[in-house]
Structures are given as structure tokens and as C-alpha cells.
Student: 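I'd like to ask you about the structure that follows.
Just so you know, these numbers come straight off a predicted model, no measurement behind them.
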Amino acid sequence: MLKRLLREQFNKNIHTRILFTNIITFVFSLIALTMFSGYVVKQIAYDQVQQELLREAKRVNFALLQQKDQAWGPPPAWQTNAQAGDRQEMLQFLADIFETRITVFDRQGNIMDTSAEQEVVPGNRVDEKFVKLLNKGETAIARTVDRETGQLIFAAVVPMGNNDNKDVIENGILLETNPVNLDHALNQMRLYLVIGGMAILVIFMFISAYLALSISRPVSRLATAVAELNRGNYVLSAGERPLEEIKALAGQLNQLAMRLQEMHAESRRMEEERAQLFAEISHELRTPLTAVQGFVEAIRDGMVQDEALLNRYLDTIYSQTIHITRLVDDILALSRLESGNITVEKLPMDLITLAQGVVISMEGMAGNKNTSILFEKKTEKAVVLGDVDRMEQIIRNLLKNAVRATENGTVRVGVEVRQGEVVLTIEDDGIGIAPEDLSHIWDRFYQVKNQRGGYLQEKGSGLGLVIVKKLVQLQGGSIDVTSQLGKGTIFNINFPSYNQK
């Protein structure tokens, strides 16, 4: 139960996870550091005790060698108890100075003299390991445990005398000490480490809480911003973001918000345009269909008895169906252009040759209206990158509009190279376009007012110029128009010249 509760709290949020992680890491680090530092200090202290004990042993050896009148060995028969007492007092004096217990023993381990307040009884021996250390002939330090108290005992064994020959070593000096004060000091040190660690832990908790809050607060604000984006609010507040990573993430989020806002606006615009397109299509189709329906009903009901009137009705029905077919074809073509389904294969082509061919093919249509088409070649070669079929469609549509708007006049087609661009010009001296209509000729289904009433058989769909502009832009060009009512219209189409690349 407790484990699950801790796991739930740990995984609750980033603030809790950072705080718990820092505290747990610090606690374990503190425990490990305390144990390691205690062990290191303990070993250093023990080494110091051993080195000090070794120095004291050498001093004791030197002091005993200065006592020329003392014989350190089994007491001879003539030796008095007073002389034995003098040796013990000497050892007690040295033991009090160095706070150790001093024992003199021979190579067999028999105790000959000691600073302890006890009588030396024949057969008393030191530990066997001290005998082995003495027989090695070297000064050595050993650790042992008191059998009665269980406390740690430090012991130093030095050969008695100053003869470096191991074979002449007869006695050894054993110094033993119990560093009670050292253990107390080590325990005090551990206590201070724990108290200091707890104080540092409290400070560290406050620092961790502040750090966790400084990290989690910007993240929470970003989460709130994402929630606002999800609700459709694309305006994000610019709060304080102190971390570089948070700044970068917030910047990306702001860019995403701007992109979503643009996409939303674009989607709304497309929806509005789609709704407007459907309304325009319905309006454009309703007019010819209503006319066709009225004429068909009149013929079906037998209201048209005159053969000439009947033929005129049938011609009107035919022209309206042609107009509907052209309208549907243009709508499909425009839809494919706007959706990007139409691709162009750009290849080098001579615009002069192409324009001449289209002009020749349109002379018959112009002749029916007593209009002539003049081609003006102002350069020998005008190479552009474009799709031949789409380029021909552009020229043909513009020429068709120029011929429709001109009667008993002239249409001029010119090609020239100007400032690194190939310029195609189509100019007529027809009826022209009124200023109020000129800005709307690129709108879908828009037809100029002075053309709406005439030439019913040649009525357009209102999409021709829209398709032309899309095709020009698709091939990297631009188009503009100038016109005066009653004087004519000029279309200029500019394409990058291939010769400049």
C-alpha cells in the first residue's frame, strides 16, 4: 500500500518527480558519503595511532637500554625483590607517560616484566603471534581484540636492544593501548556528519523545491497553451521562460500556433470560397437551364406552331446546352488548377512560332466578324520554358476574347524581349472594359456589363480569364491588363526568357 502510494506521488507530476528524485539522491549520497568518510577517517586515525605507538615503542626501548644496572631476563637467584620491583616501577613510569601497557618477554613468549599491577608468575606468556613477530626481528604493529571487553587493542612489538643481528635478539618489548578516546571522537564525528547532513538536507529540499518549481511552472504554462490551442485559441501569452530549452519549445509552440491560425484562416477562406463557388455555379447554371426548360415546355405543350419560331427555339436550346457544356468544362478545369492536379511539363519553346500558329488558326473566326488579326514580330527568337499545350490555351483564350469584343476592327499580337523577359501582347480596338469592371475581370463567373446582353451564341462562362491567369502563374509568368471603354483592351503576359539562364 505504501509502495503504491509512493509510486503514485512520484509519477504525479514533474515537480514531485524532480523533488523526490533530488531528495532521494541526496539522502543516499549523504549516507554513502558518511559511511565512506567515516571509514576513511577511521583508517587515518588508526594509522596515526599505530605510528604513534611505534614511536613510543622505540622510545621505551631506548629508555630501557639506558638502564645499565638493570638486567632484563629471568631473575637470578641472587636478585632481590627490591631490584625486581625497581624494574616494574620503571615500566610503570614509562607506561604512565605513554598511556600504554608495557610487557617485556623473551623469544619463547615468557613474560619477564610488565607494567601491569600484577606479579610475574613463571609460565605467563604473551600471545603466540607476538612471539612470531619478535622472531622475525622487525618492528611490527598488530591489532587484536580484548577477550574480556571485546574492545580493539593496538600492539607494537619491537626487539629489545640495538643489535641488528636477528640471532642475538633475546627479548622483545610489547606496547598495548586501547584508544577509547579515539572511538569516542569517531562517534562524535559521525554525529556531527549526520547533524550537518540533516541541515544540508533541509536547505537542499528548499533548493530542489525551487528548482522543480522553476522547471515545472513553464512546462505547466506550455501545457495550458496547448490546451488553449486545442480549444481554438491561437493567441498565446508570452510569460517568463528562463530556460533555453523552454524558450526553444515555446518558440516552436508559438510558430505552431501561428501556423494553425494560418491554416484555420485558410480553411475558413476555402470554405467560404467553396460556398461562394457553389452559389455561383448554381446561379450560372440556373439561368441557361431555366431558359432551356421554358423553351422545351413551350414546345412540348404545343404552344409553338410557327416553324420559324420553333427553329429559333431549338437554336436557343442548342446554344444554351453548348454554353452549359462549356461552363461545366471550365469549372472542372478551374477546379483541377486550384487543387494542383494539373501539372505542366516545362520545356524550351519559341513563343513566336507558337503565337503565329494560333493566329493563323483564329483568322477564320476573326473573318466572320470582319476583323483582322495582325502578328507583329519584334524579335527573331523568344525562347521561354513552358508547356506547349497550356501556352497555346492561354493565347487562344485571349485571342478569342479579343475577337468577340471587336467587330470591324483589328487585333494585334506582338512578341518582344524586354529586360530579360519575353512579353506577349494581345491588343484589340474593340468595345473595351469599363473602369468599374476592370478590377473584377479575374473573379470567377464575372462578365463585363457591356457584353452580357449581346451575342448570346458566343456567351462565355466567366471563367476564361481566371483559367488564363492560373495557367500563366503555373508557368512562372505574370499577366496584366489595361483598357479604355470604347477604345480597346491590351493584355501583357511576361515570361522569363530562357536565353538569360
Side-chain angles (χ1 to χ4, degrees), residues 265 268-291 319-320 322-324 326-331 333-335 337-338 362 365-366 369-371 373 393-414 423-474 477-494:
R268 291 183 59 183
R269 186 186 64 80
M270 291 179 63
E271 288 293 334
E272 292 175 356
E273 288 184 355
R274 185 178 294 109
Q276 182 181 0
L277 177 61
F278 287 152
E280 291 171 348
I281 292 174
S282 300
H283 174 75
E284 293 297 324
L285 288 176
R286 184 179 294 110
T287 301
L289 287 176
T290 301
S319 64
Q320 291 299 317
I322 294 298
H323 173 65
I324 293 173
R326 186 185 301 115
L327 182 63
V328 172
D329 291 341
D330 288 345
I331 290 173
L334 181 61
S335 176
L337 281 171
E338 291 182 340
M362 297 288 294
M365 178 182 176
K369 302 190 67 174
N370 198 24
T371 298
I373 303 178
Q393 184 178 357
I394 293 171
I395 301 173
R396 190 175 297 277
N397 284 353
L398 292 177
L399 273 178
K400 188 183 295 184
N401 288 343
V403 170
R404 286 177 178 173
T406 306
E407 190 169 3
N408 301 322
T410 303
V411 176
R412 292 177 176 82
V413 179
V423 182
L424 171 66
T425 303
I426 299 177
E427 180 182 359
D428 65 70
D429 54 4
I431 59 177
I433 304 173
E436 63 270 16
D437 292 329
L438 193 61
S439 60
H440 298 286
I441 63 172
W442 308 114
D443 297 340
R444 290 191 299 255
F445 303 109
Y446 189 84
Q447 297 181 22
V448 294
K449 297 176 181 178
N450 54 8
Q451 289 182 351
R452 291 177 181 174
Y455 309 108
L456 187 61
Q457 286 82 4
E458 299 178 359
K459 183 180 180 182
S461 63
L463 297 175
L465 289 179
V466 181
I467 295 174
V468 165
K469 187 174 183 179
K470 294 285 185 182
L471 289 175
V472 169
Q473 293 174 345
L474 197 61
S478 61
I479 184 172
D480 61 79
V481 59
T482 58
S483 182
Q484 290 185 2
L485 191 62
K487 293 185 179 181
T489 304
I490 303 174
F491 282 92
N492 292 312
I493 307 100
N494 297 8

Student: Can a donor-acceptor pair be found, under 3.5 Å and without considering hydrogens, that links the side chain of Thr406 to the backbone of Asp428?
Tutor: no
Student: Would you say the side chain of Leu424 lies within less than 4.5 Å of the side chain of Val413, judging by non-hydrogen atoms?
Tutor: yes
Student: To the nearest 0.5 Å, what is the distance between OG1 (Thr371) and CE (Met362)?
Tutor: 11.0 Å
Student: Where do Ala402 and Val411 come nearest, in terms of heavy atoms and distance?
Tutor: CB-CG1, 4.0 Å
Student: For a side chain to side chain contact (heavy atoms under 4.5 Å, CB included) check, start with the C-alpha distance between Asn397 and Gln393, then their side-chain angles and the critical distance, and finish with the verdict.
Tutor: CA-CA 6 Å; Asn397 284 353; Gln393 184 178 357; 3.9 Å; yes
Student: Pick from Ile493, Val481, Ile479: which one makes a side-chain contact (heavy atoms from CB on, under 4.5 Å) with Lys469?
Tutor: Ile479
Student: Looking at Thr410, is its backbone amide N or carbonyl O close enough to the side chain of Asp429 to form a donor-acceptor pair, meaning the two atoms are under 3.5 Å apart?
Tutor: yes
Student: Between CG of Asn408 and CG of Asn370, what distance do you get to the nearest 0.5 Å?
Tutor: 4.5 Å
Student: With rounding to the nearest 0.5 Å, note down the distance linking CE in Met365 to CG in Leu399.
Tutor: 9.5 Å
Student: Under 4.5 Å between any side-chain heavy atoms of Ile394 and Ile467, yes or no?
Tutor: no
Student: Is there a donor-acceptor pair under 3.5 Å between the side chain of Ser483 and the backbone N or O of Gly488?
Tutor: yes
Student: Output the distance between atom CG (Asn401) and atom CD1 (Ile441), rounded to the nearest 0.5 Å.
Tutor: 9.5 Å
Student: Dump the intermediate steps for side chain to side chain contact (heavy atoms under 4.5 Å, CB included) on Leu398 and Leu465, then the final yes or no.
Tutor: CA-CA 8 Å; Leu398 292 177; Leu465 289 179; 3.8 Å; yes
Student: Can you name the residues that form a side-chain contact (heavy atoms from CB on, under 4.5 Å) with Lys487, not counting sequence neighbours?
Tutor: Gln484
